[in-house]
There are 2 protein chains.
Amino acid sequence: MNDASPQTRIQKRNMGVILDAALEVFSAHGFRGATLDQIAGAAGLSKPNLLYYFPSKEAIHIALLSGLMDTWLAPLRRLDPEGDPVEEIVAYVLGKLEMARDYPRESRLFANEIVQGAPRILDQIEGPLKALVDEKAEVIAGWGDAGHIAPVDPHHLIFSIWATTQHYADFDAQVRGILRPEGDAHFADAAKFLETMYRRMLTRP
Amino acid sequence: MNDASPQTRIQKRNMGVILDAALEVFSAHGFRGATLDQIAGAAGLSKPNLLYYFPSKEAIHIALLSGLMDTWLAPLRRLDPEGDPVEEIVAYVLGKLEMARDYPRESRLFANEIVQGAPRILDQIEGPLKALVDEKAEVIAGWGDAGHIAPVDPHHLIFSIWATTQHYADFDAQVRGILRPEGDAHFADAAKFLETMYRRMLTRP
DNA sequence: AAAAGGTTTGACCATTTGGTCAGGATCACG
DNA sequence: CGTGATCCTGACCAAATGGTCAAACCTTTT
């Protein structure tokens, strides 16, 4: 099965089904913890059929990761240098929190990968991700210099936003164990808390 | 090998060596990703010898997790209801950050476990951990009611502290990929950032 | 020093797992 | 409808992996 080739109807459907099943299984068990049988089962296909569409387990994993990286960075890319600084950052925080709520599997897939040293996406981190982060850090630093927000280390600000928002997806089991919420009810509280926190820290006294 | 039995000199030494090796390997690869051969190699023992001291791979993992839980919670336990509120919380943040710097393997071991749904420690989370967190949340809520700190949702405050500090251990690969620091140099910046952030958000305007 | 108890190992086993392959079923299209 | 391309599968394989065991090897104790 070649990539980048024009896809037939069946190919499009099955590759989609496989990637969705793989996201389910990889995000729940990590790369090594996931088996082709599990993925095949979740996809409703036979194991050899999986390997008709992807040459190996690792190829599925890589396809998932690189396909998701863009989606995952979209909110940061949307941070507008021309917008109102505090509102831009708050919007980014809340957007990221919504992603953690609506796409927890994607978040956990990355979390699994990075906790284990990011062996398969280190180059993506050191390349495009670093570039984007550095660019947006410049913007935030500019806002600080201009006195539009209280001065902060922009890189660590971004890390803190990632950490606090993704926490609700990646450590869902812990959050639920402690809060015992009904469904996703706690996300509203989290949004209120994070909005308050970042407003307080960015608003000049 | 029975637990809780009086240990010989050799037992004490080897069980320690095994647990250290297991921490190294489990934290880097997750439960499923770690193999007994790897652990045995890291410990400088043969695989059957491992299984002389622990009945199974899972037993090693459980021994590690429950042995570490206490250490991991110590900083929160130290939060003193009688101390100065803002200073107590800042000290907790900085203490947790130091643990992330000095014991990243422990942090990643938990991260791996929780990202994958905490199958082996869910009861510890819903039991002792929840109890401790609820207790300290009460303390923080009291500080808020008394006007000693700006009002915050205490549970989410604690989550944010865990998230922001453990981020530097759990997502080390990402942080290093973006910051490219010399050694642990970035931890000083992180400490400064987090101290500023939590002071601003807790200090009444 | 010899018995008793604790420690270590090589050889081995059953199962799981990623992956292959030859051939059969199905589909697209002239 | 027929034929070539695409899609799918059962049977199979080699390697990896968790775990067992009898026998050999150390320590400790008497």
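Here is the naming used below: chain letters follow the sequence lines, and residue numbers restart at 1 for every chain.
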Starting from the 5' end of DNA chain D, give me the residue, Ala34(B) or Leu50(A), whose nearest nucleotide shows up first.
Leu50(A)

Please determine whether a side-chain nitrogen of the Lys or Arg among [X] and [Y] lies less than 4.0 Å from a carboxylate oxygen of the Asp or Glu.
{"X": "Glu195(A)", "Y": "Arg200(A)", "answer": "no"}
{"X": "Asp184(A)", "Y": "Arg176(A)", "answer": "yes"}
{"X": "Arg180(B)", "Y": "Asp134(A)", "answer": "no"}

Please tell me whether Tyr168(A) and Ser107(A) have a donor and an acceptor in their side chains that are separated by less than 3.5 angstrom.
no

With a 4.0 Å limit, can you tell me whether [X] has a side-chain N or O closer than that to the phosphate oxygens OP1/OP2 of [N]?
{"X": "Gln11(A)", "N": "dC7(D)", "result": "yes"}
{"X": "Ser46(A)", "N": "dT9(D)", "result": "yes"}
{"X": "Thr8(B)", "N": "dG6(C)", "result": "no"}
{"X": "Arg32(B)", "N": "dA16(D)", "result": "no"}
{"X": "Tyr53(A)", "N": "dC8(D)", "result": "yes"}
{"X": "Tyr52(B)", "N": "dT7(C)", "result": "yes"}
{"X": "Asn14(A)", "N": "dT6(D)", "result": "no"}

Nearest to side-chain heavy atoms of Thr35(A), which nucleotide of dC7(D), dT7(C), dT17(C):
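Side chain of Thr35(A) sits closest to dT17(C).
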
Please encode protein proximity along nucleotides 19-30 of chain D as a string of B, S and -, counting only heavy-atom distances under 4.0 Å.
BBB-----SS--

Pairwise distance CD1(Ile158(A)) to NZ(Lys136(A)) - rounded to 0.5 angstrom:
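If I round to the nearest 0.5 Å, the distance is 9.5 Å.
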
Hey, could you give me the CD/NZ distance between Gln174(A) and Lys130(B), rounded to the nearest 0.5 Å?
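Atom-to-atom, Gln174(A):CD and Lys130(B):NZ are 12.5 Å apart.
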
Take the protein atom [atom1] of [X] and the nucleotide atom [atom2] of [N], then report the distance between them rounded to whole Å.
{"X": "Asp37(B)", "N": "dA16(D)", "atom1": "CG", "atom2": "C1'", "result": "9 Å"}
{"X": "Lys12(B)", "N": "dT7(C)", "atom1": "NZ", "atom2": "C1'", "result": "17 Å"}
{"X": "Asn49(A)", "N": "dC27(C)", "atom1": "CG", "atom2": "P", "result": "13 Å"}

Under the side-chain hydrogen bond (donor to acceptor under 3.5 Å, both in side chains) criterion, do His61(A) and Arg120(A) qualify, and how do the steps go?
CA-CA 9 Å; His61(A) 196 240; Arg120(A) 278 168 270 269; 3.2 Å; yes

